[in-house]
Structure formats: structure tokens, C-alpha cells
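As the structure lists them, so they are numbered: ligands from 1, and atoms in each ligand from 1.
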Amino acid sequence: MPSNFQPPITSHPPSHIAFIMDGNGRWANRRGLPRSVGHQKGAEALRRVVEAGAEIGIPYMTFFGFSSENWSRPEQEITELMRLLRYYLRSETAELHKNNIRLRVIGDRQRFDEDIIALIENAEALTHDNKRMTVIIALNYGGRHDILQAAFQARHHENFDTFAQSFEANLMTRDVPEPDLLVRTSGEMRISNFLLWQCAYAEFYFCDTLWPDFDRATLEKAIEAYAGRERRFGGLKRHEGS
Ligand code: FPP
């Protein structure tokens, strides 16, 4: 057995984990640092968690990078988040590609500056055929908007079943399995307009860790908690049904 062998942490790891990366500002405040430093550390945590997810073998991970409500933050903070986004896309695209990881962005990207849109398009095109894992970053994303735009595009179907099929096919997460596990850091227990439709049967995991401190160990804790949950999808307990 190779010396770096790590046994699987659970026999039923989630296929898709979604993250609400919360607590960057508090992480910085507690250290007397500007909020921008918290966001920088948050971007480092994002990189770390993707790496850990790929090593553990999680096929899909989605991160709430910028919500449609985040535009209401002070201009200086928005500028800093955009700077970080540029930096992340520039520095991570090649690394993700090298590691056979696909990057997808969901949300209304048209509101971002043209150079950011180009960086997103370039990253998506370069990594399109990568198979090891898919990383989805939600940018200017809102769950209600996603539902509304999918329904709007499907509106011409008069038959309910074909409407439902078309609706699902128009969600921004089409071709992606629904999240099994939704993780939110920093002690907040809300879904905050994230993947509203897609999280219908997700297990929720809330932890006090602030996002910049999130790492492989805290990720493994979340996965272990998930493994201990009994998922019933509205049906009977397994031993009652079989
Ligand atoms: C919440 O912290 C976090 C965000 C506003 C979005 C997440 C942003 C990052 C992880 C930075 C890098 C992102 C990308 C996509 C490169 P908060 O500011 O709401 O924290 P607080 O609640 O403690 O104030």
C-alpha cells in the first residue's frame, strides 16, 4: 500500500456538495484586519476545498461566490471582490485544467465587466472536457431568478409534463445532479436565495467555522455528518420500505 494511502472517509460520499462561504468579514474583523483580507483568505479556502474535494473524489462542488444581492455592498468591497475574482480566474484556470477539473459558472454574468466575462468564457472552454470533477461557481446568482428564468423559457409548453422537462432543462444547473449536501459556514442557518429548487432534498450542514478557516478537516467532518444522515426523499425509512 503506498505510504500516502488514505482510506475513504465514508462509503457513501455525496456526489455534489454546495457551499455558502460565509464569514470572511467576521474573520477579518476579529483580527482587526480590513474585510478585503477576509475575502482573500476566503479565496484561498476555496482553492483548498476544491483540492480536497478532488482528492476525496467528490464529483461536483458548487460555491456561492457572489449573490445577486451582494451588489448592495459598499463600492469599495465590490471592487475588491471583482479584483479577487479576476485574480482567481487568472491564477486557477490553468491549475484546474492541469488537475482535469471542469469549471462552470452559473448566474447572470452579463453584469460583470467584459474582461471578467472573457476570463469566465476562457476557463469554461479550456476545461470543458475535464472529467475528474466539476467545480461550479455561482456569480451574480439568485435562486428565485434561476427558477423564474427557467419557467419563462419553458412557458410555451401547454402539456404539464413537457413544461416540467423543459423547465428542468433550462435551470442554470442543467446536467448537474442536485446537491446531496449543502454546507454553510459561520453559524448562519439560512439558504439565502441559493439553489432553491435544486436543494429540495439536500441535507443541510451548518458549522461555526468561518469560511477562511474551512479546510480538508472541516470538509471531512461535514461529509461524515452527511454519511450519518438517513435520506428518505419523502418516502419510508429504508427498512420499512424494503
Ligand atoms: C461571505 O462573507 C462571502 C462572500 C461575500 C462571498 C464569498 C467570496 C469569497 C470566498 C471570496 C473569493 C471568491 C471568489 C469567487 C474568487 P461575508 O463578507 O458575508 O462575511 P461576514 O458575514 O462575516 O461579513
Do the side chain of R35 and the main chain of E77 share a donor and acceptor less than 3.5 angstrom apart?
-> no
Got an N/O contact under 3.5 Å between Y88 and ligand 1?
-> no
Carefully, step by step, assess D113 and M82 under the rule side chain to side chain contact (heavy atoms under 4.5 Å, CB included).
-> CA-CA 9 Å; D113 287 348; M82 294 305 127; over 6 Å; no
Can an N or O of R35 be found at a distance shorter than 3.5 Å from an N or O of ligand 1?
-> yes
Within the 4.0 Å heavy-atom cut-off, what E188 brings close to ligand 1 is neither
Give yes if a backbone or side-chain nitrogen or oxygen of R26 is under 3.5 Å from a nitrogen or oxygen of ligand 1, and no if not.
-> yes
With L46, the side chain to side chain contact (heavy atoms under 4.5 Å, CB included) member among K41, M61, M21, E92 = M21
Determine, using heavy atoms of S186 and all atoms of ligand 1, whether some pair is separated by less than 4.0 Å.
-> no
What residue and heavy atom of the protein are closest to atom 1 (C) of ligand 1, and at what distance?
-> M21 O, 3.1 Å
Number the atoms of ligand 1 from 1 as they appear, then name those within less than 4.0 Å of a heavy atom of G25, with their elements.
-> 17 (P), 18 (O), 20 (O), 21 (P), 23 (O), 24 (O)
protein heavy-atom neighbour closest to atom 11 (C) of ligand 1 works out as H39 O, 3.5 Å
For the pair R83 and E80, find out whether any cationic side-chain nitrogen is under 4.0 Å from an anionic carboxylate oxygen.
-> yes
Just need the protein heavy atom nearest to atom 8 (C) of ligand 1, so name the residue and atom and give the distance.
-> N24 ND2, 3.6 Å
Should we say atom CD of Q76 is surrounded by more than 12 heavy atoms from elsewhere, each under 6.0 Å from it?
-> no
To the nearest 0.1 Å, how far is atom 7 (C) of ligand 1 from its closest protein heavy atom, and which atom is that?
-> G65 O, 3.6 Å
Taking NZ, NE, NH1 and NH2 as the nitrogens, is one of them in E95 or K98 under 4.0 Å from a carboxylate oxygen of the other?
-> yes
With a 4.0 Å cut-off, would you call D215 and R48 a salt bridge?
-> no
Relative to atom 14 (C) of ligand 1, which among N29, L46, D22 owns the nearest non-hydrogen atom?
-> L46
Quiz item: cation-pi between R155 and F152, 6.0 Å / 45° = yes
Any N or O of W27 closer than 3.5 Å to N or O of ligand 1 = no
Shortest non-hydrogen contact from P14 to D180?
-> C-OD2, 3.6 Å
The atoms of ligand 1 lying under 4.0 Å from a heavy atom of A43, numbered in the order shown, are 12 (C)
R73: heavy atom below 4.0 Å from ligand 1, yes or no?
-> yes
